[in-house]
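Taking it in order: structure first as structure tokens, then the write-up.
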Amino acid sequence: MENHYMAHELIEKIKDKEIKIEEIIQEYLDIIKETDGSVNSFTHLHEKDALKKAKRLDDQINKGKHIGKLSGLPIGIKGCICIKDSPTTCCSRILEGFNPPYNATVADRLLEKEDAICIGRTNMDEFAMGGSTETSCYGPTRNPWDLERVAGGSSGGSGSCIATGQSAFGLGSDTGGSIRSPASYCGVVGLKPTYGRVSRYGLISYANSLEQIGPMAKCVKDCALLLQIIAGHDELDSTTVKLDVDDYWSHLNDSIENKVIAIPKEFFGEGVDNTVKEKVDKSISILEGLGAKIKEVSFPHLEYTIPTYYLIAMSEASSNLARFDGLRHGEMIDELKGDVFDVFSRTRGERFGMEVRRRIMLGSYALSAGYYDMFYIKALKVRTLIINDFKKVFKTCDAIACPTMPTTAFKLGELLDDPLQMYLMDVLTCPANLAGLPALSMPCGFDNKGLPIGFQLIGNYFDEKTILNIGFLLEQELNIYTKFPSLKGVR
Ligand code: GLN
């Protein structure tokens, strides 16, 4: 079997009984065994359960029984999304040994209703705080295109498992770019949906007003397929919206003639690599060639994105993570000495990593009496200005095109000691989270080191259909999927 088939192609082969699900799962497991010692996409494998489910689904097919739309294809699911009886640790020592008694809504929809197979839990930055998957308690994920570089983050494991051919799909969460950063660095497609489009029930919160779970896949069509299944109202999450979900596949091939694509000049400013700009510009010209109208626009508040995002994210994090004290949630340290505050602080001090502790402290500071107005409230006000920048653009435009990340993947360890520099990498992804808009990242070329470059399309509220449509047509023109990482020295 060739594991670089697209997921939708494999689904057809399974339907036509050309290939058995068990063979597919075995092949993916073999690839994981061969490569994961080098890339570290997975923290836990579900080998036995995956093969068992594959056999059961093959049986159902043989008996002519119905099976779900994802017909037994493997998916790598990020470690912060609850799956019943599966280690869900957020890659933090504090949650070691936590096997949730219930499924997140997205897991129910994918695994129970549509018969995808969770092949394993993917690596991530601890509690999704980071942009490189280096703060995981299980060690970093490496970039399959260059093992000395980061895979992006925080959903680095989900990005690299697709690029490495270890899984057909991945599921990530995106608070400030965590789906799009690894999609960009690993050369895969990832989509952060509109806030309220996909249920967060069962997602362990980092910053709840910013994050969404979203699909990651090898191509736009597979990404659309996955989104179709997870999108929609959920009575278990009151922030999901009761709005019909578009039929994404049926619009992929729509003409984009006369669609207006906005180019915000600030998104191509200082700090964005020339090669990145060049490849993104080339893709914009391709879209123009397909009949789209290109319009330069201005986004005056981009420079405030990073402080605004980090103040809000850290404030929410300090509150969301208060429950992990060893008593209500999380593992208590062995020795119980002193009063309750000693126990809490020792448990939290020992079991949370450095970056998580930094953020809890900064967030608590920003929310404390006396500083609340100066930091948190001010950040909320600037968030509104950023939302207004977008609203103005979407009055006359259908989508925004820009780079996903300012650069290609950096070296492991390069930014670990310089958190501010690491935070600055999110400047082009955070705006969509602050506004709650949908955003897609897809590969649009390679730099001179052979590292993938991400192209970002930001859409209007609940208009995932348009960015998938534009992305799909661009992907056909770029014909980029002839190239996959060779994993030098591994295979
Ligand atoms: N890099 C950003 C952060 O560290 C985004 C993380 C995310 O989207 N979960 O907060």
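Atom set for the values below is all heavy atoms of this structure, side chains included, hydrogens, waters and symmetry mates excluded. Order of appearance sets the numbers: ligands from 1, and atoms from 1 within every ligand.
Other residues, nucleotides and ligands contribute more than 12 heavy atoms inside 6.0 Å of the OH atom of Y102. Within a 6.0 Å sphere centred on OH of Y304, heavy atoms belonging to other residues, nucleotides or ligands number 12 at most. Under a cut-off of 6.0 angstrom, the local environment of NZ in K84 is sparse, with at most 12 non-hydrogen atoms contributed by other residues, nucleotides or ligands. More than 12 heavy atoms of other residues, nucleotides or ligands lie within 6.0 Å of CG in D418, so this atom counts as buried by the packing criterion.
Of the heavy atoms in R359, only side-chain atoms (C-beta onward) come closer than 4.0 Å to ligand 1. By the criterion of a heavy-atom distance under 4.0 Å, the side chain of Y309, and not its backbone, is placed next to ligand 1. Residue contacts with ligand 1 for T175 involve both N, CA, C or O and side-chain atoms from C-beta outward (heavy atoms, distance under 4.0 Å). Contacts of S154 with ligand 1, taken as heavy-atom pairs under 4.0 Å, involve the side chain alone.
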**Report entry** T407 vs M425, side-chain contact (heavy atoms from CB on, under 4.5 Å): CA-CA, chis, key distance, verdict
**Finding:** CA-CA 8 Å; T407 66; M425 286 293 178; 3.8 Å; yes

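The shell of residues lying under 4.0 angstrom from ligand 1, judged by heavy atoms, includes G177.
If you number the atoms of ligand 1 from 1 as listed, the ones under 4.0 Å from a heavy atom of G130 come out as 1 (N), 2 (C), 3 (C), 4 (O), 6 (C). Atoms of ligand 1 found under 4.0 Å from any heavy atom of A128 (numbered from 1 in listed order, with element): 6 (C), 7 (C), 9 (N). Counting atoms of ligand 1 from 1 in the listed order, those under 4.0 Å from a heavy atom of G176 are 5 (C), 7 (C), 8 (O). Against a heavy-atom cut-off of under 4.0 Å, Y206 is close to the following atoms of ligand 1: 3 (C), 9 (N), 10 (O).
Ring geometry for Y365 against F375 counts as tilted: the plane angle lies between 30° and 60°, on a 0 to 90° scale.
Looking only at atom types and distance, the side chain of S158 has no donor-acceptor partner in the side chain of K78 under 3.5 Å away.
In terms of N/O distances under 3.5 Å, ligand 1 is approached by S178. Not one N or O of M129 is nearer than 3.5 Å to an N or O of ligand 1, by distance alone.
Counting only distance, with no hydrogens or angles, the side chain of D36 and the backbone of S41 share a donor-acceptor pair below 3.5 Å.
Scanning all protein heavy atoms for the shortest distance to atom 2 (C) of ligand 1 gives D426 OD2, 3.1 Å.
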